[in-house]
Protein chains: 2
Amino acid sequence: MPGGRGVDPQSATPVYLQVAARIRERIVSGDLQPDRPIPSESAIEQEFEVARGTARKAIAVLREEGLVITVKGRGSYVTPAL
Amino acid sequence: MPGGRGVDPQSATPVYLQVAARIRERIVSGDLQPDRPIPSESAIEQEFEVARGTARKAIAVLREEGLVITVKGRGSYVTPAL
DNA sequence: TCAGATTTGTTCGTATGTATT
DNA sequence: CAATACATACGAACAAATCTG
(Lines give C-alpha, C1' and ligand atoms only; values in the text may rest on other atoms or scores of the structure.)
Protein backbone atom coordinates (compact mmCIF):
# COMPACT_ATOMS: atom_id res chain seq x y z
CA MET A 1 0.00 0.00 0.00
CA PRO A 2 0.97 3.31 -0.99
CA GLY A 3 2.82 4.93 1.74
CA GLY A 4 -0.05 4.60 4.07
CA ARG A 5 -1.05 8.03 5.18
CA GLY A 6 -0.69 10.94 3.07
CA VAL A 7 -0.34 11.65 -0.53
CA ASP A 8 -0.67 9.73 -3.75
CA PRO A 9 2.44 9.92 -5.92
CA GLN A 10 0.48 8.42 -8.80
CA SER A 11 -2.14 11.13 -8.81
CA ALA A 12 -2.28 13.66 -11.60
CA THR A 13 -2.19 16.32 -8.91
CA PRO A 14 1.39 17.16 -7.95
CA VAL A 15 2.41 15.97 -4.52
CA TYR A 16 3.27 19.45 -3.29
CA LEU A 17 -0.27 20.62 -4.08
CA GLN A 18 -1.71 17.63 -2.27
CA VAL A 19 0.36 18.46 0.78
CA ALA A 20 -0.59 22.13 0.59
CA ALA A 21 -4.25 21.13 0.43
CA ARG A 22 -3.91 19.00 3.53
CA ILE A 23 -2.37 21.78 5.56
CA ARG A 24 -4.80 24.33 4.17
CA GLU A 25 -7.63 22.22 5.53
CA ARG A 26 -6.16 22.35 9.00
CA ILE A 27 -5.96 26.10 8.79
CA VAL A 28 -9.44 26.80 7.50
CA SER A 29 -10.89 24.26 9.91
CA GLY A 30 -9.21 26.00 12.82
CA ASP A 31 -7.11 22.99 13.62
CA LEU A 32 -4.16 25.32 13.11
CA GLN A 33 -4.91 28.69 14.63
CA PRO A 34 -3.78 32.22 13.77
CA ASP A 35 -0.33 33.10 15.06
CA ARG A 36 0.37 29.47 15.80
CA PRO A 37 3.09 27.53 13.97
CA ILE A 38 2.31 25.09 11.23
CA PRO A 39 4.40 21.89 11.03
CA SER A 40 8.05 22.49 10.19
CA GLU A 41 9.49 21.43 6.87
CA SER A 42 11.06 18.41 8.52
CA ALA A 43 7.79 17.49 10.23
CA ILE A 44 6.02 17.67 6.88
CA GLU A 45 8.73 15.53 5.36
CA GLN A 46 8.10 12.83 7.90
CA GLU A 47 4.33 13.03 8.04
CA PHE A 48 3.77 12.90 4.30
CA GLU A 49 6.95 11.07 3.42
CA VAL A 50 8.12 13.64 0.92
CA ALA A 51 11.42 15.34 0.22
CA ARG A 52 12.25 18.64 1.81
CA GLY A 53 11.92 20.49 -1.48
CA THR A 54 8.39 19.19 -1.82
CA ALA A 55 7.51 20.26 1.71
CA ARG A 56 8.93 23.72 1.00
CA LYS A 57 6.94 24.05 -2.20
CA ALA A 58 3.76 23.18 -0.32
CA ILE A 59 4.46 25.87 2.25
CA ALA A 60 5.29 28.35 -0.50
CA VAL A 61 1.84 27.81 -1.97
CA LEU A 62 0.17 28.65 1.34
CA ARG A 63 2.43 31.66 1.77
CA GLU A 64 1.48 32.97 -1.65
CA GLU A 65 -2.14 32.52 -0.70
CA GLY A 66 -1.52 34.65 2.35
CA LEU A 67 -2.44 31.84 4.71
CA VAL A 68 0.95 31.62 6.41
CA ILE A 69 4.01 33.70 7.02
CA THR A 70 7.54 32.29 7.26
CA VAL A 71 10.38 33.39 9.50
CA LYS A 72 13.94 32.17 9.04
CA GLY A 73 15.24 30.12 11.94
CA ARG A 74 11.74 29.98 13.37
CA GLY A 75 9.19 28.41 11.14
CA SER A 76 5.92 29.23 9.41
CA TYR A 77 2.87 30.56 11.21
CA VAL A 78 -0.77 30.88 10.38
CA THR A 79 -1.30 34.48 9.34
CA PRO A 80 -2.51 36.45 12.36
CA ALA A 81 -6.10 37.62 12.24
CA LEU A 82 -6.27 41.35 11.64
CA MET B 1 45.75 21.63 -4.09
CA PRO B 2 42.22 20.49 -4.30
CA GLY B 3 40.85 21.03 -0.89
CA GLY B 4 44.07 19.85 0.65
CA ARG B 5 43.43 16.93 2.91
CA GLY B 6 40.02 15.72 3.26
CA VAL B 7 37.19 14.64 1.13
CA ASP B 8 36.49 14.52 -2.56
CA PRO B 9 33.40 16.50 -3.50
CA GLN B 10 33.50 14.98 -6.97
CA SER B 11 33.32 11.42 -5.74
CA ALA B 12 30.20 9.38 -6.27
CA THR B 13 30.28 8.72 -2.54
CA PRO B 14 28.50 11.50 -0.69
CA VAL B 15 30.77 13.75 1.35
CA TYR B 16 29.00 12.98 4.61
CA LEU B 17 29.70 9.28 4.13
CA GLN B 18 33.34 10.00 3.37
CA VAL B 19 33.64 11.99 6.56
CA ALA B 20 31.86 9.29 8.56
CA ALA B 21 34.26 6.72 7.14
CA ARG B 22 37.27 8.76 8.22
CA ILE B 23 36.06 9.10 11.77
CA ARG B 24 34.97 5.48 11.89
CA GLU B 25 38.53 4.47 11.07
CA ARG B 26 39.82 6.41 14.04
CA ILE B 27 37.38 4.62 16.28
CA VAL B 28 37.99 1.08 15.11
CA SER B 29 41.72 1.69 15.07
CA GLY B 30 41.63 2.84 18.67
CA ASP B 31 42.79 6.30 17.78
CA LEU B 32 39.57 7.48 19.38
CA GLN B 33 38.90 5.45 22.49
CA PRO B 34 35.70 4.40 24.26
CA ASP B 35 34.14 7.10 26.42
CA ARG B 36 36.39 9.72 24.85
CA PRO B 37 34.99 12.58 22.77
CA ILE B 38 35.16 12.60 19.01
CA PRO B 39 35.83 15.93 17.28
CA SER B 40 33.09 18.51 17.67
CA GLU B 41 30.94 19.52 14.74
CA SER B 42 32.92 22.69 14.37
CA ALA B 43 36.23 20.78 14.47
CA ILE B 44 34.96 18.46 11.75
CA GLU B 45 33.87 21.44 9.70
CA GLN B 46 37.36 22.86 9.79
CA GLU B 47 39.30 19.65 9.37
CA PHE B 48 37.35 18.40 6.35
CA GLU B 49 36.23 21.78 5.10
CA VAL B 50 32.58 20.88 5.04
CA ALA B 51 29.42 22.62 6.16
CA ARG B 52 28.00 22.02 9.58
CA GLY B 53 25.07 20.09 8.20
CA THR B 54 27.44 17.69 6.51
CA ALA B 55 29.42 17.22 9.73
CA ARG B 56 26.22 16.53 11.59
CA LYS B 57 25.09 13.98 9.01
CA ALA B 58 28.40 12.16 9.32
CA ILE B 59 28.04 11.96 13.09
CA ALA B 60 24.45 10.79 12.70
CA VAL B 61 25.68 7.86 10.62
CA LEU B 62 28.09 6.78 13.34
CA ARG B 63 25.40 7.22 15.97
CA GLU B 64 23.01 5.01 14.04
CA GLU B 65 25.78 2.43 13.81
CA GLY B 66 26.08 2.55 17.57
CA LEU B 67 29.65 3.74 17.41
CA VAL B 68 29.05 7.02 19.19
CA ILE B 69 26.60 8.66 21.50
CA THR B 70 25.72 12.34 21.43
CA VAL B 71 24.87 14.64 24.30
CA LYS B 72 23.41 18.09 23.74
CA GLY B 73 25.64 20.86 24.96
CA ARG B 74 28.55 18.44 25.31
CA GLY B 75 29.47 16.58 22.22
CA SER B 76 29.69 13.05 20.87
CA TYR B 77 31.62 10.24 22.50
CA VAL B 78 32.84 6.86 21.40
CA THR B 79 30.37 4.36 22.76
CA PRO B 80 31.69 3.00 26.07
CA ALA B 81 32.86 -0.59 25.99
CA LEU B 82 30.39 -2.87 27.76
C1' DT C 1 25.73 34.23 40.95
C1' DC C 2 26.39 35.16 36.43
C1' DA C 3 28.10 36.39 31.89
C1' DG C 4 30.26 34.61 27.99
C1' DA C 5 31.93 30.84 25.17
C1' DT C 6 31.20 26.26 23.40
C1' DT C 7 28.36 22.63 21.61
C1' DT C 8 24.46 20.27 19.97
C1' DG C 9 19.46 20.87 18.27
C1' DT C 10 16.16 22.92 15.06
C1' DT C 11 14.56 25.82 11.48
C1' DC C 12 14.45 28.24 7.03
C1' DG C 13 17.21 29.93 2.54
C1' DT C 14 19.64 28.62 -1.59
C1' DA C 15 21.97 25.91 -5.12
C1' DT C 16 23.22 21.76 -7.77
C1' DG C 17 22.66 17.21 -9.81
C1' DT C 18 19.86 13.28 -11.19
C1' DA C 19 15.81 10.84 -12.53
C1' DT C 20 11.13 10.64 -14.01
C1' DT C 21 7.09 12.13 -16.25
C1' DC D 1 11.38 20.51 -23.28
C1' DA D 2 9.34 21.78 -18.78
C1' DA D 3 7.61 20.44 -14.35
C1' DT D 4 8.01 17.45 -10.63
C1' DA D 5 10.55 15.05 -7.00
C1' DC D 6 14.47 13.31 -4.60
C1' DA D 7 19.24 13.67 -2.55
C1' DT D 8 23.04 16.28 -1.48
C1' DA D 9 25.53 20.37 0.24
C1' DC D 10 26.50 25.01 1.87
C1' DG D 11 24.74 29.14 4.54
C1' DA D 12 22.31 31.55 8.19
C1' DA D 13 19.57 32.29 12.24
C1' DC D 14 17.56 30.97 16.46
C1' DA D 15 17.32 27.90 20.62
C1' DA D 16 18.84 25.14 24.52
C1' DA D 17 22.27 22.64 27.35
C1' DT D 18 26.73 22.80 29.21
C1' DC D 19 31.07 24.52 30.69
C1' DT D 20 34.26 28.18 32.29
C1' DG D 21 35.86 32.12 34.50
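Note on naming: letters A, B, ... go to the chains in the order of the sequence lines (proteins, then strands), and numbering restarts at 1 for each one.
- When rounded to the nearest whole Å, the span between OH of A/Y77 and C1' of C/dT10 equals 11 Å.
- For the OP1/OP2 pair of C/dT6 and a distance below 4.0 Å, the side-chain nitrogens and oxygens of B/S42 include no atom meeting the criterion.
- Expressed to the nearest 0.5 Å, how far CD of A/E47 lies from OG of A/S40 amounts to 10.5 Å.
- Spacing between atom CD of B/E41 and atom P of C/dT10 amounts to 11 Å, rounded to whole angstrom units.
- To the nearest angstrom, P of C/dG9 lies 8 Å from CZ of B/R52.
- Hydrophobic clustering, with ILVMFWY side chains joined whenever heavy atoms are under 4.5 angstrom apart, keeps B/L62 apart from B/Y16.
- An OP1 or OP2 oxygen of D/dC10 is reached within less than 4.0 angstrom by a side-chain nitrogen or oxygen of B/T54.
- If you find the closest nucleotide of DNA chain D to B/A55 and to A/T13, the one lying nearer the 5' end belongs to A/T13.
- Hydrophobic cluster membership is shared by A/I23 and A/V7, with clusters built from Ile, Leu, Val, Met, Phe, Trp and Tyr side chains linked at under 4.5 angstrom.
- Counting all heavy atoms, side chain and backbone alike, B/V50 lies closest to B/I44 at CG2-O, 4.0 Å.
- Look at CD on B/E45: it is 13 Å from C1' on C/dT6, rounded to the nearest Å.
- Remark: C1' of C/dC12 and NZ of A/K72 are 7 Å apart, rounded to the nearest angstrom.
- With a 6.0 Å radius and a threshold of 12 heavy atoms from other residues, nucleotides or ligands, A/R36 has its CZ atom at or below the threshold.
- Here A/G75 lies in heavy-atom contact (under 4.0 Å) with sugar-phosphate atoms only.
- Closest contact between the side chain of A/R56 and the listed nucleotides C/dT10, D/dT8, C/dC12 involves C/dC12.
- Rounded to whole angstrom, the span from the CZ atom of A/R74 across to the C1' atom of C/dG9 amounts to 15 Å.
- Remark: A/S40 is in phosphate contact with C/dT11, judged by side-chain N or O atoms under 4.0 Å from OP1 or OP2.
- Distances from the side chain of B/P14 to the nucleotides D/dT8, D/dC6, C/dT8 place D/dT8 closest.
- A close approach under 4.0 Å does not occur between any side-chain nitrogen or oxygen of A/Y16 and OP1 or OP2 of D/dA5.
- Neither OP1 nor OP2 of D/dA5 sits under 4.0 Å from any side-chain N or O of A/K57.
- Between the CD atom of B/Q10 and the P atom of D/dA9 there is a distance of 11 Å, given to the nearest Å.
- Side-chain proximity of A/A51 to the nucleotides C/dT11, D/dA7, C/dG9 is greatest for D/dA7.
- Remark: C1' of C/dG9 and CD1 of B/I59 are 12 Å apart, rounded to the nearest angstrom.
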